[in-house]
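Following: one structure in structure tokens, then a few remarks.
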Amino acid sequence: MRFRETLIPTLREAPADAVAESHKLLLRAGYVRQLAAGLYIYLPLGWKVLGKINRILREEMDAIGAQEVSMPILQPAEPWQQTGRWQAIKEEMFRLKDRTGRDMCLGMTHEEIMTWLAAREIRSYRQLPQMWYQIQTKLRDEARPKSGILRTREFLMKDSYSFDATHEGLLRSYKLHEGAYHRIFRRCGLEFRQVESDTGMMGGAVAHEFMAPSPAGEDEILVCPSCGYTANVEVAGSVPPAAELIEDAPGEVHTPDKRTVEEVSSFLKRKPSGFIKSILVITDKGPVLALVRGDQQMHEKKLMKLAGPFRPATKPEVQEILGVEAGFIGPAGLNKELRIIADPVLQTGVYVTGANKKDYHKKGVRPGTDFRPEWHDIHTASAGDGCPKCSAALAAEKAIEIGNIFQLGTKYSAPLGANYLDENGKEIPLVMGSYGIGPARIAAALVEQNHDKNGIIWPESVAPFDVEIIPLASGKATEAAEEFYARCRSNGIDALMDDRDERPGVKFKDADLIGIPKHVIIGEKGLKEGVFEFKDRLTGQVEKLPPEDVWEKVKWRKPIS
RNA sequence: CGGGGCGUAGCGCAGUCUGGUAGCGCGCACGGUUCGGGACCGUGAAGUCGAAGGUUCAAAUCCUUUCGCCCCGACCA
């Protein structure tokens, strides 16, 4: 393509609203424009990049035997009502009525519709397994769109769904996707990790996320440098550093007005790890007392999986339920039966905790003896904690979620009646999996991971063009550049020809900003010596070479590793 | 949804406190000189000051309401 004829509106300065590096650069380099909060226009360069990513997605999905289909974005409410998600999902779903008053929604994902189709078309075990995928627009009324194209209300998603006769079949489909995802992200040139993850509202037992490490990421993951254990902080296990053991004799201490662990620990001159933090929460089934060690943070998602949705108790509620002011509550010597969930790190040791008496704490409390809780991991794993598998020190990093895979089981097939007949003529629900990848997130994560102060540095596989040709104004240079450009075109090399009447500096700056990996600079100077210049955007290295050698370099493509 | 910030030309900003009828840089158009890392000179076009209502002789500026966008948190199928 010719620069002059293409919409590539580069900006010298980034709009003040942009904060994330990928957002700034994609805006400045002319890849995207914002229409409204969480709604983006993809300009020619941006759309080409998405196209490249989508091609890789299709190739790898096709390679594992998945079939591409296209599902409506506008959907009737019924399937969603049948699976219960019409109720379970709240403001995040765009809802509307058609002219007859029928409830409709805009698809935020396609489990319901894919399963609806499966319910009608799959009848026999002989048809199984099936894997269907699409690259389709999703709409979610996000509470907070942010970071440019990282979190938007409308976005493209490659979503696929597997239908198997058995759980073993599901595992096979899951593994196939796992492998495809690894190949996809590797081909895109992304640094990524696969982590254990929460299944969330998708349901099902097992799920993994694919994460691209980046400070712009919204997720935190824990990584063991020794054994390779990796998990989202939402599910990550860890062994916090051992606490100093102080064998107090049981007894009360006067702690006037000292409520939080910080206050009491500095008052008693004890480390926070010698305390039990008691948190009263209100669930649908009543109050629950959650306990973590004083130096630890409770992880709400972990507790939510055990106790269901909850909220912290208000101060009056604490008074009413436990008969003591908040700040002095503890698990030992409660005035009533209460569900107590304690983090296993408290299984050993002797602790200080609230005495359930205003202005008093209790010393020498032995969990398991002085009170009998349910033991469940509810603390937040953090950097420096021991790995749950090998006990080496864990590291924490921020990451962008670029894909996820879920073993759904029969969560959708059962309510939607997606059954098949087995060899014995028995009707059995399909065992399903679902698998997503966000192409725009791949693009944004790539920019986050691959840029310098001058601009973007795309990997060859997803760059909008293979090469940018930069003639420096002069009749001869333009002529030579045109010839080179024509040669690229007739050999299937996608070249961007900067045919603008601009000064060299402007062309160089724009080329670096746009980030095509190879630049060919053709100037009067070089022509006199009989050379073109080949610049590697990544290293910045420029080589003066005979045109034929430059051609060889432009033609050469990095093999897929 | 809670907290904070910001809306003035395509982009970045000043002007708002202390009311007097809108300005700077970049970009854009035209002419000229330039031409290897965002050139220079000259001329010019472009703004309902987010919107509505109010106060006032007079509102970008003061008051009220409202909309939008960004950030932190909550949420995130």
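Letters A, B, ... mirror the listed sequences (proteins, then strands); counts begin at 1. Bear in mind the structure is a predicted one, so any value in this text is a computation, not a measurement. Atom set for the values below is all heavy atoms of this structure, side chains included, hydrogens, waters and symmetry mates excluded.
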Whole-angstrom distance between [N] and [M], as gauged at atom [atom1]:
{"N": "B:A29", "M": "B:U16", "atom1": "P", "answer": "34 Å"}
{"N": "B:U61", "M": "B:U8", "atom1": "P", "answer": "14 Å"}
{"N": "B:G68", "M": "B:A52", "atom1": "C1'", "answer": "14 Å"}
{"N": "B:C13", "M": "B:G27", "atom1": "C1'", "answer": "14 Å"}
{"N": "B:A14", "M": "B:A9", "atom1": "C1'", "answer": "14 Å"}
{"N": "B:A45", "M": "B:C24", "atom1": "P", "answer": "13 Å"}
{"N": "B:U48", "M": "B:A60", "atom1": "P", "answer": "13 Å"}
{"N": "B:U65", "M": "B:G2", "atom1": "P", "answer": "16 Å"}

For the pair made of [atom1] in [X] and [atom2] in [N], what is the distance, rounded to whole Å?
{"X": "A:E91", "N": "B:C75", "atom1": "CD", "atom2": "P", "answer": "13 Å"}
{"X": "A:I8", "N": "B:G27", "atom1": "CD1", "atom2": "C1'", "answer": "17 Å"}
{"X": "A:I405", "N": "B:A77", "atom1": "CD1", "atom2": "C1'", "answer": "16 Å"}
{"X": "A:L150", "N": "B:C70", "atom1": "CG", "atom2": "C1'", "answer": "15 Å"}
{"X": "A:R144", "N": "B:G68", "atom1": "CZ", "atom2": "P", "answer": "17 Å"}
{"X": "A:R85", "N": "B:A77", "atom1": "CZ", "atom2": "P", "answer": "10 Å"}
{"X": "A:R311", "N": "B:C75", "atom1": "CZ", "atom2": "P", "answer": "15 Å"}
{"X": "A:D159", "N": "B:A77", "atom1": "CG", "atom2": "C1'", "answer": "12 Å"}

| Sugar-phosphate, base or nothing in reach of A:A18, heavy atoms under 4.0 Å | nothing
| message | Categorize A:T83 for me: base, sugar-phosphate, or nothing, with a 4.0 angstrom heavy-atom threshold over every strand shown. | response |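 Touches nothing.
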Paired with [N] by Watson-Crick or G-U wobble geometry, both distances under 3.5 Å: which nucleotide is it?
{"N": "B:G73", "value": "B:C1"}
{"N": "B:U16", "value": "none"}
{"N": "B:U21", "value": "none"}
{"N": "B:A29", "value": "B:U43"}
{"N": "B:G38", "value": "none"}
{"N": "B:U61", "value": "none"}
{"N": "B:U48", "value": "none"}

Give the nucleotide from the list [options] with an atom nearest to the side chain of [X].
{"X": "A:A37", "options": "B:C69, B:A77, B:A74", "answer": "B:C69"}
{"X": "A:V19", "options": "B:C72, B:C70, B:C13", "answer": "B:C70"}
{"X": "A:A143", "options": "B:A74, B:A77, B:G25", "answer": "B:A74"}

Is it the case that over 12 heavy atoms from other parts of the model lie below 6.0 angstrom from the [atom1] atom of [X]?
{"X": "A:E263", "atom1": "CD", "answer": "yes"}
{"X": "A:K398", "atom1": "NZ", "answer": "yes"}
{"X": "A:E543", "atom1": "CD", "answer": "yes"}

Does a side-chain N-to-carboxylate-O contact under 4.0 Å join [X] and [Y]?
{"X": "A:E78", "Y": "A:R102", "answer": "yes"}
{"X": "A:R311", "Y": "A:E317", "answer": "yes"}
{"X": "A:K305", "Y": "A:D377", "answer": "no"}
{"X": "A:E548", "Y": "A:R487", "answer": "yes"}

| task | Sugar-phosphate atoms are those with a prime plus P, OP1 and OP2; base atoms are the rest. Using that split, label each nucleotide of nucleotides 29-41 of chain B B, S or - for protein heavy atoms under 4.0 Å, 5' to 3'. | result | -----BSBBBB--
| message | Quick check: on RNA chain B, is the nucleotide nearest A:M304 upstream (toward 5') of the one nearest A:Q34, or the reverse? Name the residue that is more 5'. | response |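 Its nucleotide being nearer the 5' end, the pick is A:Q34.
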| field | A:R153 vs A:D219, nearer the 5' end of RNA chain B by closest nucleotide | value | A:R153
| said: Could you tell me if the side chain of A:C488 sits less than 4.5 Å from the side chain of A:V467, heavy atoms only? | reply: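 When only atoms from C-beta onward are counted, A:C488 and A:V467 do touch, with a gap below 4.5 Å.
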| query | Is A:S162 reaching over with its side chain to a backbone N or O of A:G433, donor-acceptor style, under 3.5 angstrom? | reply |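 Yes, A:S162 side chain to A:G433 backbone: donor-acceptor pair under 3.5 Å.
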